[in-house]
Amino acid sequence: MTPDSVGPFSRPILVERTVRAGQPVTVEANEEERAALARDFGLPGIARLSGTFRLSGSLHRLQVTGTVESTLTQTCVVTLEPFDTTVSEEVDVDFADQDAFAGTPAEDADIPDPIVNGRIDLGSLAAEFLALGLDPYPRKPGVAFEPPADAGEETPFAALQTLKGDEA
């Protein structure tokens with residue numbers, strides 16, 4: 001795996017060593033990684049991104065639970081002004097050996113994410129859950145969408161009515 005193939009925030013960890021230790025694992029994106037993720041996600045900026053994970057299970061079947069938290073800047077869809085916000089997403093993902101489900105049609109099973117060469121990428125997992133936690137239509141706190149004032153009879157269909165004439 002090359003860093004380019006997994007995205008800008010990559011923290012591969014050895015499953016065997018981490019499961020044996022039994023301790024939570026925390027990953028944090030550095031400034032360069034946060035800037036790259038902000039570009040990828042179309043955000044003005046990401047001030048902080050971290051994930052804290054617990055691994056349980058075996059080397060062949062693994063469950064990863066935890067939380068991804070971020071402080072970031074989004075653009076309001078109403079005012080187009082940037083504003084700061086936070087994202088907190090719960091993580092609960094199953095992993096299994098890459099070969100465990102070989103030949104199984106994807107429609108027949110809920111196939112876990114793969115453990116590749118005894119490793120999983122917690123940075124990539126944190127970035128994925130950050131993306132899932134982003135509001136697709138962010139609004140600055142206190143801002144509500146106000147539809148334009150009614151312009152009376154002037155609608156797109158009013159113009160069609162004049163072409164049709166006053167037959168009705």
Side-chain angles (χ1 to χ4, degrees), residues 1-78 80-141:
M1 285 188 195
T2 65
D4 293 338
S5 66
V6 294
F9 182 30
S10 180
R11 296 292 186 283
I13 56 125
L14 208 60
V15 171
E16 180 178 14
R17 185 179 307 156
T18 308
V19 169
R20 251 194 235 141
Q23 297 296 315
V25 178
T26 299
V27 296
E28 291 194 35
N30 64 34
E31 186 176 344
E32 183 180 309
E33 293 163 333
R34 292 189 316 267
L37 286 170
R39 279 191 305 276
D40 287 354
F41 297 155
L43 299 170
I46 299 174
R48 183 181 63 82
L49 172 60
S50 66
T52 301
F53 304 101
R54 285 197 172 278
L55 283 67
S56 60
S58 70
L59 303 179
H60 306 289
R61 191 83 178 183
L62 186 66
Q63 181 182 25
V64 178
T65 57
T67 306
V68 171
E69 295 181 335
S70 182
T71 303
L72 51 94
T73 304
Q74 286 190 289
T75 303
C76 177
V77 295
V78 177
L80 301 180
E81 295 173 338
F83 68 98
D84 294 333
T85 188
T86 59
V87 171
S88 181
E89 282 293 305
E90 294 297 315
V91 175
D92 188 352
V93 180
D94 292 324
F95 286 84
D97 271 342
Q98 208 169 3
D99 301 328
F101 295 94
T104 303
E107 304 86 41
D108 293 345
D110 185 15
I111 298 178
D113 287 357
I115 298 172
V116 180
N117 298 326
R119 299 175 190 273
I120 61 172
D121 190 339
L122 295 180
S124 182
L125 188 64
E128 177 183 339
F129 275 82
L130 170 61
L132 291 172
L134 291 174
D135 184 348
Y137 303 103
R139 290 189 185 160
K140 195 172 179 177

> Where do S58 and V19 land on the side-chain contact (heavy atoms from CB on, under 4.5 Å) test, with the steps shown first?
Replying inline: CA-CA 7 Å; S58 70; V19 169; over 6 Å; no
> Run the side-chain contact (heavy atoms from CB on, under 4.5 Å) check on D84 and T71 step by step: do they pass?
Replying inline: CA-CA 7 Å; D84 294 333; T71 303; 5.5 Å; no
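Note on residues 14-32: pairs passing salt bridge (charged side-chain N to carboxylate O under 4.0 Å, His left out), not counting sequence neighbours, are E16-R20.
Taking E89 as the reference, V87, F129 meet the side-chain contact (heavy atoms from CB on, under 4.5 Å) condition, with sequence neighbours excluded. With sequence neighbours excluded, the residues that form a side chain to side chain donor-acceptor pair (under 3.5 Å) with R11 are E33. Residues passing the side-chain contact (heavy atoms from CB on, under 4.5 Å) test with S56, sequence neighbours excluded: Q63.
By the 4.5 Å heavy-atom criterion applied to side chains, V64 and D113 are not counted as neighbours. In this structure, the side chains of D121 and F9 stay at 4.5 Å or more apart for every pair of heavy atoms. V25 has its side chain within reach of L122: a pair of non-hydrogen atoms, C-beta onward, lies under 4.5 Å apart.
Taking every heavy atom of both residues into account, F95 and P114 meet most closely at CD2-O, 3.6 Å. Across all their heavy atoms, L55 and I13 have their closest contact at CD2-CD1, 3.6 Å. Pairing each heavy atom of P8 with each of A36, the nearest pair is CB-CB, 3.4 Å. Closest of all the heavy-atom pairs between V68 and A126 is CG1-O, 3.6 Å. Heavy atoms only, all atoms of each residue included: A127 and F41 are closest at O-CZ, 3.6 Å.
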Contacts under 3.5 angstrom, residues 42-51 side chains, donor-acceptor by atom type, not counting sequence neighbours:
unit_1 : atom_1 : unit_2 : atom_2 : d
R48    : NH1    : S50    : OG     : 3.4

Which donor-acceptor pairs under 3.5 Å do side chains of residues 130-140 form with protein atoms, sequence neighbours excluded?
unit_1 : atom_1 : unit_2 : atom_2 : d
D135   : OD1    : Y137   : N      : 2.9
K140   : NZ     : E81    : OE1    : 2.7

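Separating the OG1 atom in T26 from the CZ atom in F53 is a distance of 8.5 Å, to the nearest 0.5 Å. Taking CG from N117 and CD1 from I115, the interatomic distance works out to 11.0 Å, rounded to the nearest 0.5 Å. Between R119 atom CZ and L14 atom CG the span is 5.0 Å, to the nearest 0.5 Å. To the nearest 0.5 angstrom, N30 atom CG is 7.0 Å from R34 atom CZ. Atom CG of L62 and atom OG1 of T18 lie 9.0 Å apart (nearest 0.5 Å). Atoms CZ and CG, on R61 and D94 in that order, are 6.0 Å from each other to the nearest 0.5 Å.
For the residue pair S124 and S10, no side-chain donor N or O sits within less than 3.5 Å of a side-chain acceptor on the partner.
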